[in-house]
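Please find one structure pasted underneath; my questions will follow.
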Amino acid sequence: MSRRLRAFLRLGAPLQAVLFLLSVFFLSLPVGVADAGNPSNFANLYWANGVAATKDRVLVTLYCGNPRTIYSIDSSGNATPFANLPNWPDGGCHEDYLAVSPGMGGFPANYVYVAQGPRIYQVSADGSSVSLFLTLPLPNTHNAIAFDEVGTFGNDMIVTGSNGAIYKVTSAGVATLVANIGTMIEGPVVAPPSFAPYGGQIIVAAEGVSRVYAVSNTGVVTHIADWPAAEAVHVIPQTVCSFGNSGGALFATDFPNGVEKYPVSDFTGLAGRLLVTGENGGIGLMTSNGASIVMTTFNTDGTHYEGSAFVDCAVPLINCSINDPSLQWEAPLDNNVVDILPNEQTLPIRFYYGTCTNFNHDESVVVQVVNRNNPNIVYSADVYQWFVDIADAAKQYKLDWDSSLYGLPNGTQLMVQVFIGGELVGQAPVDIQ
């Protein structure tokens, strides 16, 4: 960080100016910038294969390895083990795909379901419990899972097999065969009603024949489009969500190197259309004209796509509501009680922030100290990494604010303010005496 920026932040400036300068500073860093329709690197996780994404986590399975570990990736691209599935008896490499329940049809919200060959495993929302949910007559690999969020299949789980079979499965584990296409299929999704004439149908990719099929809830199969080595199908949400602070809306494996992300801005104006990823590279865009489906090119890169997933906006944040954020101060600060700080002493600023019962690690934090009687007088605006530390182990944000740097007279009335993502989320009063 330059001296000029450090001085600017320390000596005071309105938050809007601080955030503007920070945006200029970060944009000047030598990071990869993706054009519309092109991904940027997100996580270097070798053998990454299956992907599921929600607003507060990205989960990934690996093609090879025992134990069969599911990894959770944070918004900075750091991967940590989330849960271990049973080992594959043959010790070999298999494509295990997964999905996160949005909490419909009796399936617990945020529970993770993984297809390990013919066995479907259920993983609790915190990853602490793994149990066999059911076994289906499917081959040992390339079986996929999705959830019906439209309702035409009873909000059931949808499971496709590399033998061409499509099952719908209730939360009680009762499976019903919907159809068998007769060729290997992957990457299912239930199309929105607007995707006429196939709204509400299961749309699947058939890699071996480079086709896309629609399957009705009565088992009628229709070939609706072609795409080279079609790997998976995704609905572009009406409201595109991002994962945490990553800015990513679509996460896809660049097999076998890791995981890439597409920014939210790539999907502006495309709500309700469907994407088809290809194992040989490139992504197709399917658009309904009301009577048929028109296939165009969304991306022509050479990425080897395996698993991929949009951030599922329907999945609630874990154990909480996104509309109920909370900031909790640690002593001596408090929302309603004025803390007395001896002049020229250091104020320990400690707080916990989360929209869930779990600690929320958010690198967009700005801690600002202003004059309580005139908030336009800003004594400091401290940012993550240079002045504000995020202590995951202690579950807190922390900053030691040295009042002696500012020459404040006794009686000065201060307000400590915390901004997350540019929004004010908490403040506490302090008097200098």
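Only a predicted model underlies this, so the values are computations on that prediction, with no experimental measurement involved.
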Handout entry: Test log, rule side-chain contact (heavy atoms from CB on, under 4.5 Å), inputs Leu275 and Leu285
Key = CA-CA 5 Å; Leu275 294 182; Leu285 178 66; 3.6 Å; yes
Exercise for the section: Check side-chain contact (heavy atoms from CB on, under 4.5 Å) between Asn44 and all other residues, then give those that pass, not counting sequence neighbours. Expected result: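 Here the qualifying residues are Asn41.
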Handout entry: Nearest non-hydrogen partners of Leu250 and His234, listed with the distance
Key = CD1-CD2, 4.5 Å
Handout entry: Ring-face cation contact, Trp88 with Arg119, 6.0 Å cut, 45° max
Key = yes
Problem - Side-chain (Thr253) to main-chain (Gly307) donor-acceptor, under 3.5 angstrom - result: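 Checked: pair present.
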Handout entry: Partner residues of Phe267 under the ring-ring contact (aromatic ring centres under 6.0 Å, His included) criterion, sequence neighbours left out
Key =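 ring-ring contact (aromatic ring centres under 6.0 Å, His included) list for Phe267, sorted by chain: Phe298, Phe310.
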Handout entry: Whether Thr297 side chain and Asn299 backbone form a donor-acceptor pair below 3.5 Å
Key =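 It does not hold such a pair.
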Handout entry: Expected output: side-chain Thr222 to main-chain Ile224 donor-acceptor under 3.5 Å
Key =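 Answer holds: no.
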Problem - Sidechain-backbone polar pair: Asn110 side chain, Val100 backbone, donor-acceptor under 3.5 Å - result: no
Problem - Main-chain N/O of Ala225 paired to His223 side chain as donor or acceptor, under 3.5 Å - result: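 Answer holds: yes.
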Problem - Expected output: side-chain Gln116 to main-chain Pro86 donor-acceptor under 3.5 Å - result: yes
Practice task
Check for a donor-acceptor pair, side chain of Asn163 on one end and backbone N or O of Leu138 on the other, with a separation under 3.5 Å.
Solution key: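 Not a single qualifying donor-acceptor pair exists.
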Exercise for the section: Just jot down the ring-ring contact (aromatic ring centres under 6.0 Å, His included) partners of Phe351, sequence neighbours excluded, or say none. Expected result: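 Per chain and number, Phe351 pairs via ring-ring contact (aromatic ring centres under 6.0 Å, His included) with Trp329, Tyr397.
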Handout entry: Backbone N/O of Ala391 and side chain of Lys398: donor-acceptor pair under 3.5 Å
Key = no
Handout entry: Heavy-atom closest contact (Arg57 atom, Val112 atom, distance)
Key = NH2-CG2, 3.9 Å
Problem - Validation row: Glu279, His304 side chains within 4.5 angstrom (heavy atoms) - result: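 Yes; the side chains approach each other to less than 4.5 Å.
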Practice task
Provide the full list of ring-ring contact (aromatic ring centres under 6.0 Å, His included) pairs with a residue in residues 152-182, sequence neighbours left out, each pair given once.
Solution key: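 Found none.
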Handout entry: Evaluation steps, side-chain contact (heavy atoms from CB on, under 4.5 Å), between Thr176 and Thr170
Key = CA-CA 9 Å; Thr176 302; Thr170 70; over 6 Å; no
Handout entry: pair Trp227-Ser210: side-chain heavy atoms closer than 4.5 Å
Key =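 Counting from C-beta outward, Trp227 and Ser210 never come under 4.5 Å.
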Practice task
Can you see which heavy atom on Arg211 is nearest to which on Ala230, and at what distance?
Solution key: O-CB, 3.7 Å
Handout entry: Flag for Tyr113-Gln122: side-chain donor and acceptor within less than 3.5 Å
Key = yes
Exercise for the section: Would you please say whether a donor-acceptor pair under 3.5 Å links the side chains of Asn78 and Ser76? Expected result: no
Exercise for the section: State whether the side chain of Gln427 and the backbone N or O of Gln417 hold a donor-acceptor pair below 3.5 Å, judged by distance alone. Expected result: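 No, the answer is negative, given that no donor and acceptor are paired below the 3.5 Å cut-off.
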Exercise for the section: Apply side-chain contact (heavy atoms from CB on, under 4.5 Å) to Asn49 and list each qualifying residue two or more places apart in sequence or on a separate chain. Expected result: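 Asn49: side-chain contact (heavy atoms from CB on, under 4.5 Å) contacts with Thr61, Tyr63, Glu95, Tyr97, Phe255, Glu306.
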Problem - N/O donor-acceptor pair under 3.5 Å between Asp254 side chain and Val259 backbone - result: no
Handout entry: Lys/Arg-Asp/Glu bridge criterion (N-O < 4.0 Å) met for Asp96, Arg68
Key = yes
Problem - Note, Leu62 side chain near Thr69 side chain (heavy atom, < 4.5 Å) - result: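 When only atoms from C-beta onward are counted, Thr69 and Leu62 do not touch, as no gap falls below 4.5 Å.
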Handout entry: Partner residues of Ala109 under the side-chain contact (heavy atoms from CB on, under 4.5 Å) criterion, sequence neighbours left out
Key =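 Residues passing side-chain contact (heavy atoms from CB on, under 4.5 Å) with Ala109: Pro316.
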Handout entry: Side-chain heavy atoms of Pro375 within contact of Met415, under 4.5 Å
Key = no
Practice task
Please examine the side chains of Val169 and Asp156, heavy atoms only from C-beta on, and report whether any two atoms are closer than 4.5 Å.
Solution key: no
Handout entry: Student check: side-chain heavy atoms of Pro118 and Asn140 closer than 4.5 Å
Key =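 Touching, per the 4.5 Å side-chain cut-off.
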Handout entry: Beyond-backbone contact of Val123 with Leu98, side-chain heavy atoms, under 4.5 angstrom
Key =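 Not touching, per the 4.5 Å side-chain cut-off.
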Exercise for the section: Would you check if Phe251 and Ser246 make a side-chain contact, meaning some heavy-atom pair closer than 4.5 Å? Expected result: yes
